[in-house]
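Structure first, then comments.
Worth knowing before you read on, the calculation uses all heavy atoms, side chains too, and leaves out hydrogens, waters and symmetry mates.
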Amino acid sequence: MSNRLAFALAGTVLVGAAALLSVPAAAQQSPSQPSPRISVTGEGEVNVAPDMAILNLTVLREAETARVALTANNDAMKQVLAALKESGVAERDLQTSGLSIQPRYAQPGKDRSGEPKIAGYSVSNALTVRVRNLADAGGILDKAVGLGVNQGGGIAFVKDDMKPTLTEARKRAVADAVARAKTLAEAADVKLGKILSIEEQSIMARPMPYGGAVRMAASDAAVPLASGENTYRTQVNVIFEIAP
């Protein structure tokens, strides 16, 4: 056998041996399975009394022409805005939320022949009002109706500064998740490890009924309003590692 052939065979043997040795090493470098985990959802709920009312008021006027209806609506809305400002509502708390000019149609006769014809126009101007002093809400609503507001009337009670309430709800949600995870770990006879992830799902608010109607202003003409409480709820998904 020539020296050149001997060297070639030796090289082949070495390469084959190296390939065999590399198989276990590659197997050891494969990604490991994820560690056992416990996943729970925690809920946090906070009940707070609102400190601000949001009113939705609309002035609606009708006339034979759009121009006359719009002029009448403008005059009424100017009076409403002036009265609200006199009552202490700041400029930043008044916002036009909608303006609509719509034709009114006369229906066909009894024989229902012919097309409906325009019989006039209606103009509506919607206003959103934030009342930061709840004691004034009933009186303001009554005054607005007396000055021309004849549609709407939607009202919502909210908390002006939501940060402390939401912070407390989140704390309670995480604490609830930790308590649930500990219960599951004890039931499964495993040891709870570190937190791997926390994900907040949503924050929901819903009004809670109050025990009885509350008159929000001293005047007998004021609209009686019940502010009650609002419930703010949040959920968090928390994943814990199961300790070895």
Side-chain angles (χ1 to χ4, degrees), residues 50-162 202-210 213-230:
D51 56 12
M52 183 171 65
I54 300 178
L55 308 177
N56 295 310
L57 310 175
T58 301
V59 173
L60 174 66
R61 291 294 182 270
E62 296 180 342
E64 292 184 359
T65 67
R67 177 72 265 175
V68 174
L70 181 60
T71 300
N73 192 291
N74 291 344
D75 293 340
M77 182 56 75
K78 288 178 182 178
Q79 295 183 43
V80 171
L81 289 172
L84 291 174
K85 292 175 183 179
E86 290 177 0
S87 299
V89 180
E91 187 79 32
R92 66 190 178 104
D93 293 328
L94 298 171
Q95 185 177 54
T96 298
S97 55
L99 179 64
S100 173
I101 302 175
Q102 298 289 339
R104 293 185 297 108
Y105 292 92
Q107 296 300 322
K110 294 181 179 180
D111 58 357
R112 299 192 178 278
S113 61
E115 296 292 332
K117 296 182 179 180
I118 295 178
Y121 289 85
S122 63
V123 176
S124 62
N125 192 341
L127 181 68
T128 299
V129 183
R130 288 191 293 266
V131 182
R132 299 183 184 274
N133 185 0
L134 285 183
D136 297 337
I140 288 175
L141 183 58
D142 183 78
K143 181 180 292 187
V145 172
L147 292 173
V149 170
N150 55 357
Q151 202 175 54
I155 185 171
F157 296 98
V158 298
K159 192 76 174 174
D160 187 17
D161 185 6
M162 287 299 305
S202 61
I203 294 178
M204 298 167 287
R206 61 184 178 89
M208 293 289 289
Y210 191 69
V214 177
R215 190 171 296 277
M216 306 301 291
S219 172
D220 291 336
V223 178
L225 302 174
S227 58
E229 285 187 342
N230 290 340

- Query: Does E86 have any salt bridge (charged side-chain N to carboxylate O under 4.0 Å, His left out) partners at least two apart in sequence or in another chain, and if so, which?
  - Reply: none

- Task: May I have the step-by-step check of side-chain contact (heavy atoms from CB on, under 4.5 Å) for S124 and V59, ending in yes or no?
- Result: CA-CA 5 Å; S124 62; V59 173; over 6 Å; no

- Item | Straight-line distance of D93 CG to M52 CE, nearest 0.5 Å | 7.5 Å

- Query: Which pair of non-hydrogen atoms, one from V80 and one from A144, has the smallest distance, and what is that distance?
  - Reply: CG2-O, 4.2 Å

- Query: Just how far is it from atom CG of N74 to atom CD of Q79, taken to the nearest 0.5 Å?
  - Reply: 11.5 Å

- Message: Less than 4.5 Å apart, side chain to side chain, heavy atoms only: is that true for L94 and L84?
- Response: yes

- Task: Answer whether the closest heavy-atom distance between the side chains of V158 and D160 falls below 4.5 Å.
- Result: no

- Query: Would you say the side chain of R61 lies within less than 4.5 Å of the side chain of N150, judging by non-hydrogen atoms?
  - Reply: yes

- Query: Heavy atoms, side chains only, cut-off 4.5 Å: are V129 and V89 in contact?
  - Reply: yes

- Message: I need the minimum non-hydrogen distance between A83 and K143, along with the two atoms involved.
- Response: CB-CD, 3.8 Å

- Task: To the nearest 0.5 Å, tell me how far Q102 CD sits from Y121 OH.
- Result: 10.5 Å

- Is any side-chain heavy atom of T128 less than 4.5 Å from a side-chain heavy atom of S97? yes

- Task: For K159, check salt bridge (charged side-chain N to carboxylate O under 4.0 Å, His left out) against everything at least two apart and list the hits.
- Result: D51

- Item | Partners passing salt bridge (charged side-chain N to carboxylate O under 4.0 Å, His left out) against R67 (at least two apart in sequence or in another chain) | none

- Query: Which atoms form the tightest heavy-atom contact between L134 and A53, and what is the distance?
  - Reply: CD2-N, 3.5 Å

- Closest approach of S122 and L60, non-hydrogen atoms and distance? CB-CD1, 4.0 Å

- Task: Take I54 and F157, measure what side-chain contact (heavy atoms from CB on, under 4.5 Å) needs, and give me the verdict at the end.
- Result: CA-CA 6 Å; I54 300 178; F157 296 98; over 6 Å; no

- Item | Inter-residue atom distance N125.CG - N73.CG, 0.5 Å rounding | 5.0 Å

- Query: Are any non-hydrogen side-chain atoms of L57 and L141 less than 4.5 angstrom apart?
  - Reply: yes

- Query: Is any side-chain heavy atom of L127 less than 4.5 Å from a side-chain heavy atom of T58?
  - Reply: no

- Message: Please give me the minimum heavy-atom distance between A69 and V123, naming the atom from each residue.
- Response: CB-CG2, 3.7 Å

- Message: Which heavy atom of P50 sits nearest to which heavy atom of S227, and what is that distance?
- Response: CG-O, 3.7 Å

